*Asks:* 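Provided herewith is a single structure, encoded as structure tokens, for subsequent inquiry.
Note that the structure is predicted; figures quoted are calculated from it, not measured.
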Amino acid sequence: MNRITKIALSIPSIIGSIFLISLFLPDLKKWTERYLEIEIQGIIIITLVAIQVTILIFRIWSFKNIEKNKKGENTYYLIGLNFISALSYIWKTDDYFIKLNKKNSKN
């Protein structure tokens, strides 16, 4: 994955994290509600995250030479703990999967 793709796929997790934090900080919540109602914010974030998760799951399962167990774990993490695990997958695990896939294809 190139850097621009990584940045674009990171945006939903960053926005979602800010939205989640704003629920616990009244001043930030008031500031965000000034521009969009909270229901609309939620719909936008859910849509962005659904697109992000779909792209990343297809990316994970596109690797042919990686064990299904590893792909399944990462899929579970993306669905269950999206805001943190998506960033971890995008910036670290994807590069590891690429190297592992190349290594296993040579064997």
Side-chain angles (χ1 to χ4, degrees):
M1 226 185 296
N2 62 26
R3 185 173 293 281
I4 294 171
T5 306
K6 288 181 178 185
I7 291 170
L9 286 173
S10 298
I11 291 172
S13 292
I14 294 168
I15 292 173
S17 298
I18 292 170
F19 177 74
L20 189 63
I21 291 169
S22 75
L23 295 176
F24 299 104
L25 300 173
D27 293 336
L28 184 59
K29 185 177 178 182
K30 287 178 188 176
W31 181 77
T32 58
E33 285 179 348
R34 185 178 321 150
Y35 299 103
L36 282 175
E37 292 185 26
I38 199 157
E39 294 84 11
I40 296 172
Q41 291 176 16
I43 291 169
I44 292 169
I45 291 168
I46 289 171
T47 304
L48 289 174
V49 168
I51 293 168
Q52 174 198 41
V53 168
T54 304
I55 292 169
L56 292 177
I57 288 174
F58 277 112
R59 172 82 176 168
I60 289 171
W61 288 93
S62 70
F63 293 108
K64 302 293 183 203
N65 300 317
I66 296 179
E67 299 173 16
K68 287 185 179 182
N69 186 17
K70 289 184 181 183
K71 293 191 272 189
E73 284 179 17
N74 281 284
T75 301
Y76 171 74
Y77 293 143
L78 281 175
I79 294 171
L81 306 167
N82 180 270
F83 296 138
I84 297 167
S85 65
L87 292 173
S88 173
Y89 177 80
I90 291 167
W91 291 99
K92 184 177 178 188
T93 310
D94 189 66
D95 295 332
Y96 171 71
F97 273 14
I98 291 169
K99 290 175 187 174
L100 189 62
N101 193 46
K102 286 180 184 177
K103 178 183 172 187
N104 289 344
S105 67
K106 291 178 183 176
N107 293 337

*Asks:* Taking all atoms of both residues into account, what is the closest heavy-atom pair of K6 and M1, and its distance?
*Replies:* CE-O, 3.6 Å

*Asks:* Look up atom CD1 in I60 and atom CD in E73, then write down how far apart they are to the nearest 0.5 Å.
*Replies:*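 Going from CD1 on I60 over to CD on E73, the span is 11.0 Å.
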
*Asks:* Check this for me: I14, atom CD1, are more than 12 non-hydrogen atoms of other residues, nucleotides or ligands nearer than 6.0 Å?
*Replies:*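 Yes, the 6.0 Å shell around CD1 holds more than 12 heavy atoms from other groups.
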
*Asks:* If you round to the nearest 0.5 Å, how far is CG of N69 from CG of N74?
*Replies:*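 N74 CG to N69 CG: 10.0 Å, rounded to 0.5 Å.
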
*Asks:* Just by distance, do the side chain of N65 and the backbone of N104 share a donor-acceptor pair under 3.5 Å?
*Replies:*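 No, N65 side chain to N104 backbone: no donor-acceptor pair under 3.5 Å.
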
*Asks:* If hydrophobic clusters are built from ILVMFWY residues whose side chains come within less than 4.5 Å, do I51 and W61 share one?
*Replies:*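 Shared cluster, yes.
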
*Asks:* Hey, quick one: are L20 and V53 part of the same hydrophobic cluster, counting side-chain heavy atoms closer than 4.5 Å, chains of contacts allowed?
*Replies:*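 Yes: a chain of side-chain contacts under 4.5 Å links L20 to V53.
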
*Asks:* Are I98 and L9 connected in a single hydrophobic cluster, I mean Ile/Leu/Val/Met/Phe/Trp/Tyr linked by side-chain heavy atoms less than 4.5 Å apart?
*Replies:* yes

*Asks:* Find out if a path of hydrophobic residues (ILVMFWY) with successive side-chain heavy-atom gaps under 4.5 Å connects F83 to I46.
*Replies:* no

*Asks:* Using a 3.5 Å distance criterion without hydrogens, assess whether the side chain of S85 forms a donor-acceptor pair with backbone atoms of Y77.
*Replies:* yes

*Asks:* Using side-chain heavy atoms (C-beta onward) and a distance below 4.5 Å, is W91 in contact with I7?
*Replies:*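 Yes - at least one pair of side-chain heavy atoms lies under 4.5 Å apart.
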
*Asks:* Would you compute the distance between atom OG1 of T75 and atom CD1 of I57 and round it to the nearest 0.5 angstrom?
*Replies:* 5.5 Å

*Asks:* Work out which heavy atom in I90 is nearest to a heavy atom in D94; give both atom names and the distance.
*Replies:*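 Scanning both residues completely, I find the closest heavy atoms to be O-CB, 4.1 Å.
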
*Asks:* Could you give the distance from CG (L78) to OG1 (T54), rounded to the nearest 0.5 Å?
*Replies:* 10.5 Å

*Asks:* Can you give me the closest heavy-atom contact between F97 and K70, atom names plus distance?
*Replies:* CZ-O, 4.1 Å

*Asks:* Any non-hydrogen side-chain atom of I18 less than 4.5 Å from a side-chain atom of Q41?
*Replies:*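 Counting from C-beta outward, I18 and Q41 never come under 4.5 Å.
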
*Asks:* List in chain and number order the residues that pass salt bridge (charged side-chain N to carboxylate O under 4.0 Å, His left out) with K71, two or more places apart in sequence or in another chain; answer none if no residue qualifies.
*Replies:*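 Checked K71 against salt bridge (charged side-chain N to carboxylate O under 4.0 Å, His left out); zero matches.
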
*Asks:* Any link between I15 and I55 through a network of hydrophobic side chains (Ile, Leu, Val, Met, Phe, Trp, Tyr) touching at under 4.5 Å?
*Replies:* yes

*Asks:* At what distance, to the nearest 0.5 angstrom, does CZ of F63 lie from CG of N101?
*Replies:* 6.0 Å

*Asks:* Test your reading of the model: is there a side-chain donor-acceptor pair from S105 to the backbone of K102, 3.5 Å cut-off?
*Replies:*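 A pair under 3.5 Å: yes.
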
*Asks:* Please report the closest heavy-atom contact between L56 and A86, naming both atoms and the distance.
*Replies:*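 Where L56 meets A86 most closely, the heavy atoms are CD1-CB, 4.1 Å.
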
